[in-house]
Amino acid sequence: MVLCLSGVCLVCSAVLAGAYAITAEPIEAAQVAKTNASIAKVLPPFSGNAVADTVTVDGTAYPYYRAEGAGYAVISASNGFSGPVTVMVGITEDGIIHNTTVLSQSETPGLGAKCQTDENFINQFKGWDPSVKSLTVKKDGGDVDAITASTITSRAYSLAVSNAVKVYETLTANEGGQENE
């Protein structure tokens with residue numbers, strides 16, 4: 001019985017290892033394609049490749065991509081109603097939010113999940129100037145129109161965008177403040 005069980009475990013392990021070896025490269029390629037598509041969506045058109053890096057702001061590490069001549073694509077997350085809402089925020093070189101896109105979320109379907117599909121909610125961030133308007137929901141005294149019945153998700157999305165702006169400000173301050181003037 002021990003030999004039979006050991007044989008079954010060995011065969012199953014070999015099958016799993018083989019499946020991993022076969023699928024690892026396509027999964028990685030799909031992830032890179034998804035990231036590149038997100039960068040292209042949140043930043044104005046640019047030539048060349050965006051350069052990946054990470055910066056720590058207020059104790060949190062934020063991955064970002066720098067596209068010369070277009071700006072920064074910052075990945076930021078904040079806790080929503082059902083878990084983290086991860087957003088990529090494109091910020092142009094002059095500090096204006098070009099666009100945002102949700103990379104992942106686990107919010108309630110039909111309610112908070114609308115942060116990924118509700119065009120009215122998503123489009124309000126296009127062309128947003130954080131130096132003029134507040135990135136908090138109107139219910140909290142800000143300028144963001146929340147998704148109906150999803151204030152917690154809207155707050156999380158807005159906070160993620162606000163954190164991305166802080167990352168941009170940190171990055172440009174580290175470059176000598178040329179873009180913050």
Beyond-backbone contact of [X] with [Y], side-chain heavy atoms, under 4.5 angstrom:
{"X": "Tyr72", "Y": "Thr172", "answer": "yes"}
{"X": "Val55", "Y": "Val167", "answer": "yes"}
{"X": "Pro84", "Y": "Asn79", "answer": "yes"}
{"X": "Thr153", "Y": "Leu111", "answer": "no"}
{"X": "Ile91", "Y": "Val165", "answer": "yes"}

*Do any pairs count as a ring pair (Phe, Tyr, Trp, His ring centres under 6.0 Å) and have a residue in residues 15-39, sequence neighbours left out, and if so which ones?*
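Applying ring pair (Phe, Tyr, Trp, His ring centres under 6.0 Å) to every pair that reaches into residues 15-39, excluding sequence neighbours, yields nothing.
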
*Sequence neighbours left out, what pairs pass ring pair (Phe, Tyr, Trp, His ring centres under 6.0 Å) with at least one residue falling in residues 131-167?*
Phe121-Tyr157, Phe125-Tyr157

Closest approach of [X] to [Y] (non-hydrogen atoms, all atoms of both residues):
{"X": "Gly69", "Y": "Glu93", "answer": "N-OE2, 3.0 Å"}
{"X": "Asp94", "Y": "Tyr168", "answer": "C-OH, 3.7 Å"}
{"X": "Pro44", "Y": "Thr92", "answer": "CG-CG2, 3.9 Å"}
{"X": "Gly95", "Y": "Pro130", "answer": "O-CD, 3.4 Å"}
{"X": "Val85", "Y": "Ala156", "answer": "CG2-CB, 4.3 Å"}
{"X": "Ser106", "Y": "Ser82", "answer": "O-CB, 2.9 Å"}

*asked:* Any side-chain to backbone donor/acceptor pair from Ser76 onto Val161? Under 3.5 Å, distance only.
replied: no

*Using modelled atom types only, decide if a donor and an acceptor are shared between the side chain of Thr108 and the backbone of Gly112 within a distance under 3.5 Å.*
no

Pairs where [range] contributes a residue and the test salt bridge (Lys or Arg N to Asp or Glu O under 4.0 Å) is met, not counting sequence neighbours:
{"range": "residues 135-161", "result": "Lys138-Asp145, Asp140-Arg155"}
{"range": "residues 72-90", "result": "none"}
{"range": "residues 107-135", "result": "none"}

Could you work out the complete set of other residues in the hydrophobic cluster of [X], with links drawn between I, L, V, M, F, W and Y side chains under 4.5 Å apart?
{"X": "Ile75", "value": "Ile39, Val42, Leu43, Phe46, Tyr65, Met88, Leu103"}
{"X": "Val132", "value": "none"}
{"X": "Leu5", "value": "none"}
{"X": "Phe81", "value": "Ile152"}

*What's the verdict on side-chain contact (heavy atoms from CB on, under 4.5 Å) for Leu135 and Ile97, showing C-alpha distance, side-chain angles and the deciding distance?*
CA-CA 11 Å; Leu135 279 164; Ile97 297 170; 4.3 Å; yes

_Between OG on residue Ser78 and CD on residue Gln105, distance to nearest 0.5 Å_ =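 Between Ser78 OG and Gln105 CD, I get 13.5 Å after rounding to 0.5 Å.
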
*Between OG1 on residue Thr148 and CG on residue Asn120, distance to nearest 0.5 Å*: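 Reported to 0.5 Å precision, the distance equals 9.5 Å.
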
*asked:* Are Val137 and Val102 linked, directly or through intermediate hydrophobic residues, by side-chain heavy-atom contacts shorter than 4.5 Å (ILVMFWY only)?
replied: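 Per the 4.5 Å side-chain linkage, Val102 and Val137 are co-clustered.
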
*All side chain to side chain donor-acceptor pair (under 3.5 Å) counterparts of Thr23, not counting sequence neighbours*: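 Thr23 satisfies side chain to side chain donor-acceptor pair (under 3.5 Å) with no other residue.
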
*Who passes side chain to side chain donor-acceptor pair (under 3.5 Å) against Ser104, sequence neighbours left out?*
Thr86

*Could you give all pairs that pass the side-chain hydrogen bond (donor to acceptor under 3.5 Å, both in side chains) test and reach residues 34-59, with sequence neighbours left out?*
Asp53-Tyr64

